[in-house]
A.B. asks: 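Have a look at this one.
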Number of protein chains: 2
Amino acid sequence: MTPQRQLVVDAVRELGHATPEQICTRVQQTAPAVNITTIYRTLELLERIGLVRHTHLGHGAPTYSEEDHQHVHLVCHHCGRVAEAPTDLMDALAHRLQEESGFTLDATHVALSGRCADCAEDGEPADDTGDAAAGPDHHTDRHTEGSAR
Amino acid sequence: MTPQRQLVVDAVRELGHATPEQICTRVQQTAPAVNITTIYRTLELLERIGLVRHTHLGHGAPTYSEEDHQHVHLVCHHCGRVAEAPTDLMDALAHRLQEESGFTLDATHVALSGRCADCAEDGEPADDTGDAAAGPDHHTDRHTEGSAR
DNA sequence: ATCGATGCAAAGTTTTTGCAATGCT
DNA sequence: AGCATTGCAAAAACTTTGCATCGAT
């Protein structure tokens with residue numbers, strides 16, 4: 001309804017899966033005055049009305065994406081990249097869970113982690129100390145994850 | 001090696017999957033002087049040497065468990081309870097991911113979310129605003145530290 | 001004496017809350 | 001005016017870091 005909210009929706013849509021801070025940065029490119037608080041509150045609202053959903057990529061930071069942008073996230077321990085896979089990959093699993101445990105799976109809410117094809121080629125073991133490190137092309141310049149301290 | 005570390009290992013083992021703070025609380029039942037800092041440092045160490053591993057349950061707080069305690073976590077949106085399922089549930093999925101995307105799945109690192117059998121019975125829609133809310137029986141009394149009343 | 005482990009306090013991050021100001025009806 | 005939304009600042013929750021002390025080799 002408000003311009004800020006529209007900007008948040010747009011940002012979520014454009015970024016695909018982004019943390020609140022990334023969304024904030026994006027929104028501020030258009031409207032620098034927008035506060036991070038508003039991002040959080042808007043995201044919460046948008047989620048409640050079902051426009052966006054959030055997913056946990058393994059790291060602490062949740063990422064937001066469009067509600068209808070349904071896919072499974074695959075995050076690589078090694079390079080931190082996030083790939084996407086169709087949710088029907090999970091169908092069989094969802095079925096088994098339902099049968100065996102009565103558990104109804106929400107396939108889109110979490111990310112699966114592992115190692116992507118690119119990183120599998122490298123023989124190097126992941127420094128699995130932390131989670132997915134900052135991506136190679138994503139400049140997720142948060143806390144510059146130093147592997148060896 | 002040190003008594004504190006042993007206590008941390010024990011706590012992780014007993015609690016199954018616990019946040020650093022829960023572990024801290026547990027350890028402090030035996031050794032009240034132990035500081036939360038030590039918990040974090042010890043956990044980091046134990047993880048590096050492969051004694052424990054951490055898993056993201058969807059909420060921000062990572063939980064730690066024994067390395068060999070391999071299972072998939074199923075966390076319920078509704079009640080926040082964490083169930084466990086054998087990892088071989090994921091085998092078929094892992095295989096497909098490998099084939100189709102070259103992605104090597106690490107089944108134990110993340111939790112699957114959804115709604116557990118108990119909560120499925122209640123017709124109530126989950127207040128899916130946040131993640132798993134504080135459980136009904138889990139009194140997630142985290143911040144119980146230093147305040148030795 | 002040396003070196004690592006620990007406790008304490010302070011700093012850093014990320015997210016939430018309180019409150020006053022703003023804008024729309 | 002009434003009401004929701006926003007921005008700012010402070011608080012809270014969570015984690016890491018610096019530094020002095022303690023213990024064992």
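Side chains included, hydrogens not; waters and symmetry mates left out as well; all remaining heavy atoms used. Throughout, a chain's letter reflects where its sequence line sits, starting with A, and its residues are numbered from 1.
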A.B. asks: Please report, rounded to the nearest Å, how far the C1' atom of D:dT5 is from the CG atom of A:Leu7.
C.D. replies: 14 Å
A.B. asks: Counting only pairs under 3.5 Å, give me each side-chain donor-acceptor contact of residues 1-14 of chain B, with atom names and distances, residues two or more places apart or in other chains.
C.D. replies:
from, atom 1, to, atom 2, distance (Å)
B:Thr2, OG1, B:Arg5, N, 3.2
B:Gln6, NE2, B:Asp10, OD1, 3.0
B:Arg13, NE, B:Glu66, OE1, 2.9
B:Glu14, OE1, B:Arg26, NE, 3.0
B:Glu14, OE1, B:Arg26, NH2, 2.4

A.B. asks: Give me the atom names and distance for the closest heavy-atom approach of A:Ala107 to A:Val72.
C.D. replies: O-CG2, 4.3 Å
A.B. asks: To the nearest Å, give me how far apart CD1 (A:Ile36) and P (D:dA10) are.
C.D. replies: 18 Å
A.B. asks: Could you label the plane-to-plane angle of the B:His71 and B:His17 rings as parallel, tilted or perpendicular, counting under 30° as parallel and over 60° as perpendicular?
C.D. replies: perpendicular
A.B. asks: What is the separation between atom CD on B:Glu44 and atom P on D:dT16, rounded to the nearest whole Å?
C.D. replies: 7 Å
A.B. asks: Grab the two heavy atoms, one from A:Gly16 and one from A:Ser65, that are nearest each other, plus how far apart they are.
C.D. replies: O-CB, 2.7 Å
A.B. asks: Please report, rounded to the nearest Å, how far the C1' atom of C:dT14 is from the CG atom of A:Leu43.
C.D. replies: 14 Å
A.B. asks: Test side chain to side chain contact (heavy atoms under 4.5 Å, CB included) on B:Val52 and B:Glu47 and set out the steps.
C.D. replies: CA-CA 5 Å; B:Val52 306; B:Glu47 192 160 33; 4.2 Å; yes
A.B. asks: Nearest whole Å is fine: how far is D:dT6 P from A:Gln28 CD?
C.D. replies: 14 Å
A.B. asks: Rounded off to whole Å, could you give me the CD1-to-P distance for the A:Ile39 and C:dT16 pair?
C.D. replies: 13 Å
A.B. asks: What protein N or O atoms touch nucleotides 1-7 of chain C N or O atoms at under 3.5 angstrom, if any, and at what distances?
C.D. replies:
from, atom 1, to, atom 2, distance (Å)
C:dA5, OP1, B:Arg5, NH1, 3.2
C:dA5, OP1, B:Arg5, NH2, 3.4
C:dA5, O5', B:Arg5, NH2, 3.3
C:dT6, OP1, B:Thr2, OG1, 2.6
C:dT6, OP1, B:Gln4, OE1, 3.3
C:dT6, OP2, B:Arg5, NE, 3.4
C:dT6, O3', B:Gln4, NE2, 3.2
C:dG7, OP2, B:Asn35, N, 3.4
C:dG7, OP2, B:Thr38, OG1, 2.8
C:dG7, N7, B:Arg41, NH2, 3.0
C:dG7, O6, B:Arg41, NH2, 3.0

A.B. asks: So, does B:Tyr40 get its side chain near the phosphate of D:dT15, meaning an N or O under 4.0 Å from OP1 or OP2?
C.D. replies: yes
A.B. asks: Where do A:Val75 and B:Phe103 come nearest, in terms of heavy atoms and distance?
C.D. replies: O-CZ, 3.5 Å
